[in-house]
Protein chains: 2
Amino acid sequence: MPAKKQPIPSVWTRPRPQKQQPALSRAQIVSEAVKLLDAEGIEALSMRRLGTQLGAAATSLYRHVANKDELLELVVDEIYGEVAVPEAEDPARWRASISACAHSLRTTGLRHPWLTALLGHAGLVYLGPNMMRVSDRVLAILRSAGFPPGEADQAISSVIAYVIGMTGSEAAFLSLLARTGYTEQEWIEQLWPAAEQAAQEHDRLREEFAVQRGQDPVRAREENFVYGLDRILDGLQLRLDQLSGSR
Amino acid sequence: MPAKKQPIPSVWTRPRPQKQQPALSRAQIVSEAVKLLDAEGIEALSMRRLGTQLGAAATSLYRHVANKDELLELVVDEIYGEVAVPEAEDPARWRASISACAHSLRTTGLRHPWLTALLGHAGLVYLGPNMMRVSDRVLAILRSAGFPPGEADQAISSVIAYVIGMTGSEAAFLSLLARTGYTEQEWIEQLWPAAEQAAQEHDRLREEFAVQRGQDPVRAREENFVYGLDRILDGLQLRLDQLSGSR
DNA sequence: CTCTCGGTGCGCACACTGTACGCATCGTGG
DNA sequence: CCACGATGCGTACAGTGTGCGCACCGAGAG
């Protein structure tokens with residue numbers, strides 16, 4: 001078997017200098033990673049896979065990115081770039097602005113259900129430029145609404161914590177569906193007996209389950225989200241009234 | 001090299017039937033997994049490692065657990081078993097009860113900082129017995145407080161989403177510290193210049209950073225948590241007033 | 001007492017992961 | 001024209017989750 005796989009060194013087989021296309025760049029890598037994550041989920045993202053997707057070898061990526069973890073940090077900030085925060089800072093409409101921002105954060109999180117898994121996977125220092133942009137804008141809204149410097153930050157992390165928590169739970173469910181191939185309706189229907197049985201001895205839980213049954217799950221999730229958001233915004237409004245009252 | 005590593009078949013070298021100890025059990029595996037996770041974090045948990053910790057081979061674990069994922073589901077529910085929910089259902093004290101429960105959930109999450117990473121890693125169907133127990137108890141409190149059947153569930157997921165979101169962010173930070181070996185104070189001090197630079201062009205952010213500087217970080221995190229929790233509870237109280245008013 | 005049988009542990013193997021290292025090749029500035 | 005830094009890549013290593021089939025045990029049946 002003298003025929004080896006190594007290319008015969010000849011002018012004709014030698015790779016032509018067609019490498020004039022941009023080759024590889026950090027931005028391109030991150031963007032392709034997002035595409036791959038969206039298409040096939042978090043466990044499909046390996047350096048080799050991402051490499052072949054870019055027409056490159058796995059180890060080439062390391063010229064532009066220190067780690068897989070660093071790559072993931074970049075990916076997270078890239079996604080934060082999709083979050084829309086209203087510019088207008090009319091103090092009277094702070095509630096609408098924050099609400100819009102929260103909704104944007106949620107839909108972004110649901111559009112990329114793998115995001116929350118990355119957020120949990122620690123090591124993310126929250127210093128990416130897009131993340132900073134969002135924080136600064138939201139801060140502007142809250143400050144103009146009347147929250148003092150030290151408190152605006154607490155208010156913002158409360159809202160964000162809520163949105164991330166809620167969206168994370170939804171996203172986990174959605175990516176479970178994506179992996180198993182069920183629709184939301186099918187999954188609930190199939191899980192029903194197990195849930196009923198698990199809720200034995202828990203009358204209140206069963207009752208709560210029964211209320212949810214037959215609702216459109218997408219709408220139910222949305223209403224659930226809005227409910228909690230409204231409670232938080234109510235609470236913040238109350239605090240705002242206290243602040244302006246004591247001044 | 002005729003000397004192989006395989007044991008000489010003799011009565012003396014043959015393993016004595018000392019296997020009378022319980023050998024392996026699902027509960028033991030889960031408990032040891034938690035111990036390992038607490039001690040060395042999430043990336044130290046491999047089936048082989050867990051096996052040797054139990055004096056067993058990696059593949060033996062699969063007799064008691066279908067998957068690594070299933071093992072993690074069990075681990076999550078095990079941890080939910082540590083969450084304390086007050087029994088007393090005095091309707092007037094619902095706020096204190098929910099608050100206590102939220103604090104318990106938080107300290108549990110901070111005691112096991114790897115938890116939130118698991119929660120994000122989807123595939124967790126929320127049907128574990130301990131999880132159900134907690135939900136049912138909390139539901140009891142909210143129902144007795146005056147929330148109607150369909151709404152109590154929304155209220156509970158709002159609170160839980162907030163706690164998970166906030167705790168998750170804290171836990172990510174804590175496990176980052178654990179991995180790098182810094183104290184909370186040291187980390188902040190060292191990251192300061194980078195944060196200052198990243199917050200350039202974001203005056204409001206810099207101002208907010210400045211306020212936080214010099215605070216005790218542990219206390220600051222706790223106060224931050226309480227702040228948001230109070231806002232949510234205020235919002236729920238408000239809603240409760242609306243409900244009883246319109247009745 | 002023997003014989004079978006279901007449950008359990010384990011060695012091996014496979015496909016795959018992140019990434020360190022060193023070589024080959026390129027476009028560019030002196 | 002030459003040297004050099006930047007870039008891509010082949011190879012290799014240690015480690016991962018897990019399927020497979022064998023070895024063994026204690027218990028129940030004849």
Side-chain angles (χ1 to χ4, degrees), chain A residues 4-11 13-29 32-33 36-37 40-75 117-118 121 123 179, chain B residues 4-11 13-29 32-33 36-37 40-75 117-118 121 123 179:
Chain A
K4 292 302 191 68
K5 268 178 58 185
Q6 46 183 276
I8 309 121
S10 136
V11 206
T13 64
R14 190 139 43 103
R16 290 159 282 116
Q18 60 178 354
K19 304 246 177 169
Q20 297 318 354
Q21 47 268 57
L24 242 45
S25 81
R26 171 177 286 202
Q28 198 186 0
I29 291 175
E32 191 71 27
L36 184 55
L37 283 165
E40 310 200 29
I42 199 171
E43 49 211 17
L45 179 69
S46 75
M47 297 305 269
R48 284 181 235 264
R49 183 74 199 280
L50 183 56
T52 61
Q53 214 82 13
L54 286 159
T59 55
S60 305
L61 306 178
Y62 286 89
R63 294 285 177 193
H64 306 266
V65 152
N67 270 341
K68 188 178 185 183
D69 282 351
E70 184 181 300
L71 170 62
L72 295 181
E73 283 188 51
L74 293 171
V75 163
L118 292 191
H121 241 101
R179 271 207 317 277
Chain B
K4 293 301 190 68
K5 267 178 57 186
Q6 45 184 273
I8 309 122
S10 137
V11 206
T13 64
R14 190 141 40 101
R16 290 160 282 117
Q18 59 179 355
K19 305 246 176 166
Q20 297 316 354
Q21 50 266 56
L24 242 46
S25 81
R26 171 177 285 202
Q28 197 187 1
I29 291 174
E32 191 71 28
L36 184 55
L37 283 166
E40 310 200 29
I42 200 172
E43 51 211 16
L45 179 69
S46 76
M47 297 306 268
R48 285 181 236 264
R49 183 74 199 282
L50 182 56
T52 60
Q53 214 82 14
L54 285 158
T59 56
S60 305
L61 307 178
Y62 286 88
R63 295 284 177 192
H64 306 267
V65 153
N67 268 342
K68 188 178 185 183
D69 282 351
E70 184 182 300
L71 170 62
L72 295 181
E73 283 189 52
L74 292 171
V75 163
L118 292 191
H121 239 102
R179 271 207 316 279

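Everything numeric in this text was worked out from a predicted model, so none of it was measured. Numbered from 1 within each chain, the chains take letters A, B, ... in sequence-line order.
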Euclidean distance, [Y] [atom2] relative to [X] [atom1], rounded to 0.5 Å:
X	Y	atom1	atom2	value
Arg179(B)	Ile42(B)	CZ	CD1	10.0 Å
Thr52(B)	Leu36(B)	OG1	CG	8.5 Å
Leu54(B)	Arg49(B)	CG	CZ	11.5 Å

Exercise. Where do Gln28(B) and Leu24(B) come nearest, in terms of heavy atoms and distance?
Worked result: OE1-CA, 3.7 Å
For this session: List in numerical order all residues of residues 49-65 of chain A for which some heavy atom is under 4.0 Å away from an atom belonging to DNA chain D.
Result: Ala56(A), Ala57(A), Thr59(A), Ser60(A), Arg63(A), His64(A)
In whole angstrom, give the distance that lies between atom [atom1] of [X] and atom [atom2] of [N].
X	N	atom1	atom2	result
Gln28(A)	dT7(D)	CD	C1'	14 Å
Met47(B)	dC14(C)	CE	P	21 Å
Lys68(A)	dT16(D)	NZ	P	15 Å
Ile29(B)	dC10(C)	CD1	P	11 Å
Asp69(A)	dT19(C)	CG	C1'	12 Å
Arg26(A)	dG8(D)	CZ	P	13 Å

For this session: Tell me whether the OP1 or OP2 atom of dT18(D) has a side-chain N or O from Asn67(B) closer than 4.0 Å.
Result: yes
Exercise. Has the side chain of Arg48(B) got a donor or acceptor that lies under 3.5 Å from a partner of the other kind on the base of dG15(D)?
Worked result: no
Problem set entry | Arg48(A) side chain to Ala58(A) backbone, donor-acceptor under 3.5 Å | no
Problem set entry | Close side-chain approach of Leu74(A) and Ile29(A), heavy atoms under 4.5 Å | no
